[in-house]
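To start, I am sharing the structure in question, which I have written as structure tokens.
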Amino acid sequence: MKHRAKVLLAAALCLFLLGGCSGKQAAGLDEKRTSTVFAMDTVMELTVYGPEDVLRECENIITSLEKKLSATDPGSEIYALNEKGTAQVSDETALLISDALCWCEKTSGALDISIYPVLKAWGFTADAYRVPGEEELAGLLSLVDYTGVAVEGSSVILRDGMQIDLGAVAKGYTGDRIMETLASAGIRSALVNLGGNVQVLGKKPDGSPWRVAIADPVKSGYIGYVETDGGAVITSGGYQRFFEEDGVTYHHIIDPSNGCPARSGLLSVTVIGNSGEMCDALSTALFVMGAEKAADLWRREGGFEAVLVADDGRVLVTEGLKDSYHALSGGKAAVIGRD
Ligand code: AMP
Ligand code: MG
């Protein structure tokens, strides 16, 4: 049910995004090509105006990164690391872990890649959902502390019993790799939607900016859209993956301070910026932090914009989106200013 909902959501999002942009297609480089890949536990849609072999290259990037980075695939580098507590990994994986650790620090641990033992206890890694007891959670939380992850060259060492998961950053990083590959192949127009993580290259072939819709976290449809001609628009929301027990909804974004699904007053966070990896890390972290701390981080760090949907129905957008965010259902967004 949950996956079905996700598949429908991704398909609907793409229809909205791409509607009206399949007009006249020139031959060769500018031909529109699409592909759907199921990877990283989600549906990924690729739209590239360019030759077929470039699309295949993008698909290969997705499958090879999934093989390396999946926490659940017994053949992956992360799996081996989690099993043994220490491992030699590829330079790419080591770099991604180092980057993710920087985001853990910048977000004061709202992002914590060592959350994996807690995620497992909630059953999010194996679709075997359950609500762990307080004692169990307290025990597992003693293993959650990103400062216990050390990267030395291509060696990664975890403090005793710790395990990591790059689920909060992997899709954004994958999008970045795809965008780099497309740009160096001379592609001028492309959009990838990696399960709600949208990244675009250039403008639409007709020269207009892409419109990326932001899902309504409560009901089907969209609350608004942003216009972009390059970069990432990445959303984290409790509605993307959840289960219900005894009338309570539990979602997949965990607050590392208590080991429970984050209840920060936000239903979704969309982060907009140049780097998919950064936007992915931040969308997860800001969701955990809540509106006030998210705004503080935006003022302090800069380099990104955000759309926050609160559980009281308010939509808040950072100042840089004043002109590029468009509300769809008549609602007006409040602007988060610099002071
Ligand atoms: P995203 O969809 O990018 O918000 O990432 C959510 C995924 O990140 C979850 O499915 C988990 O694999 C992982 N995750 C959940 N909570 C956290 C957290 N606080 N810090 C780091 N990773 C997390
Ligand atoms: Mg994320």
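One is the number of the first residue; the rest follow in order along the sequence. Note that ligands are numbered from 1 as they come in the structure, with each ligand's atoms numbered from 1 the same way. Note: hydrogens, waters and symmetry copies are ignored here, and every other heavy atom, side chains too, is used.
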In plain terms, say whether E136 and R130 are close enough for a salt bridge, that is, a side-chain N and a carboxylate O under 4.0 Å apart.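 Looking at E136 and R130, the cut-off is met.
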Find all atoms of ligand 1 within a distance of less than 4.0 Å from any non-hydrogen atom belonging to D280, and give their numbers and elements.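 Within the 4.0 Å cut-off of D280, ligand 1 contributes 3 (O).
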Angle at the Mg ion (ligand 2) between OD1 of D280 and O of A168, to 10°?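 About 80°, to the nearest ten degrees.
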For the pair F243 and F124, name the ring-plane relationship: parallel under 30°, tilted 30 to 60°, perpendicular over 60°.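 Because their plane-to-plane angle lies in the 30° to 60° range, the rings of F243 and F124 count as tilted.
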Using a strict 4.0 Å cut-off to heavy atoms of I253, name the atoms of ligand 1 that fall inside it.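 This gives 4 (O), 15 (C), 16 (N) as the contact atoms.
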Select the closest option to atom 4 (O) of ligand 1 among S236, S114, G167, judged by heavy-atom distance.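 Among S236, S114, G167, the closest heavy atom to atom 4 (O) of ligand 1 comes from S236.
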Where do H326 and Y222 land on the ring pair (Phe, Tyr, Trp, His ring centres under 6.0 Å) test, with the steps shown first? CA-CA 11 Å; H326 304 272; Y222 305 95; over 10 Å; no
N or O pair under 3.5 Å between D112 and ligand 1: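 Yes, at least one N or O pair falls under 3.5 Å.
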At a 4.0 Å threshold, what atoms of ligand 1 neighbour a non-hydrogen atom of P256?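 Once the distances to P256 are compared, the set is 19 (N).
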N-O pairing of D145 and R159 below 4.0 Å: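 Salt bridge: yes.
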Answer yes or no for T284: is there an N/O/S atom below the 2.8 Å cut-off from the Mg ion (ligand 2)?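 Within the cut-off used here (under 2.8 Å), T284 does place an N, O or S atom near the Mg ion (ligand 2).
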When only distance counts, is I254 in polar contact with ligand 1, meaning an N/O pair under 3.5 Å?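 Among all N and O atoms of I254, at least one is under 3.5 Å from an N or O of ligand 1.
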Check each atom of ligand 1 against the heavy atoms of H252 and keep those under 4.0 Å away; list them by number with element.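 Once the distances to H252 are compared, the set is 2 (O), 6 (C), 9 (C), 10 (O), 15 (C), 16 (N).
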Do Y173 and E92 have a side chain donor and acceptor closer than 3.5 Å?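 Short answer, yes.
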Under the criterion side chain to side chain contact (heavy atoms under 4.5 Å, CB included), I'd like the reasoning laid out for R299 against I336: C-alpha separation, chi angles, the key distance, then a yes or no. CA-CA 9 Å; R299 291 186 189 106; I336 299 172; 3.6 Å; yes
Which residue is it: N274, L201, V200? I am looking for the one with a side-chain contact (heavy atoms from CB on, under 4.5 Å) to M179.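 Among the candidates, only L201 passes.
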So, does A110 sit close enough to ligand 1 that a heavy atom of it is under 4.0 Å from the ligand?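 For ligand 1, residue contact (heavy atoms, under 4.0 Å) with A110 is present.
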Identify the protein heavy atom lying closest to atom 1 (P) of ligand 1, giving its residue, its atom name and the separation to 0.1 Å.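 For atom 1 (P) of ligand 1, the nearest protein heavy atom comes out as T284 OG1, 3.2 Å.
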May I ask you to identify, for L119, whether its side chain, its backbone, both or neither come under 4.0 Å of ligand 1 on a heavy-atom basis?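 Side chain only; the backbone of L119 stays clear of ligand 1.
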Provide, to 0.1 Å, the distance between atom 22 (N) of ligand 1 and the closest protein heavy atom, together with that atom's residue and name.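 The answer is A168 CB, 3.5 Å.
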Among F242, F287, Y129, find the residue that satisfies the ring-ring contact (aromatic ring centres under 6.0 Å, His included) test when tested with H251.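 When F242, F287, Y129 are each tested with H251, the ring-ring contact (aromatic ring centres under 6.0 Å, His included) holds only for F287.
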Lys/Arg-Asp/Glu bridge criterion (N-O < 4.0 Å) met for E77, K68: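 Not counted as a salt bridge, because no side-chain N and carboxylate O are separated by less than 4.0 Å.
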Salt bridge (Lys or Arg N to Asp or Glu O under 4.0 Å) partner of R33, the single match among E52, E59, E45: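 Exactly one option meets the salt bridge (Lys or Arg N to Asp or Glu O under 4.0 Å) with R33, and it is E52.
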Under 4.0 Å from ligand 1, counting heavy atoms only, is it the side chain of D165, its backbone, both or neither?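 For D165, only side-chain atoms sit under 4.0 Å from ligand 1.
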Proximal atoms of ligand 1 relative to I115 (non-hydrogen, under 4.0 Å):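 Heavy-atom distances to I115 below 4.0 Å select 17 (C), 22 (N), 23 (C).
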Any atoms of ligand 1 less than 4.0 Å from a non-hydrogen atom of L111? List them with their elements.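 What qualifies from ligand 1 is 20 (N), 21 (C).
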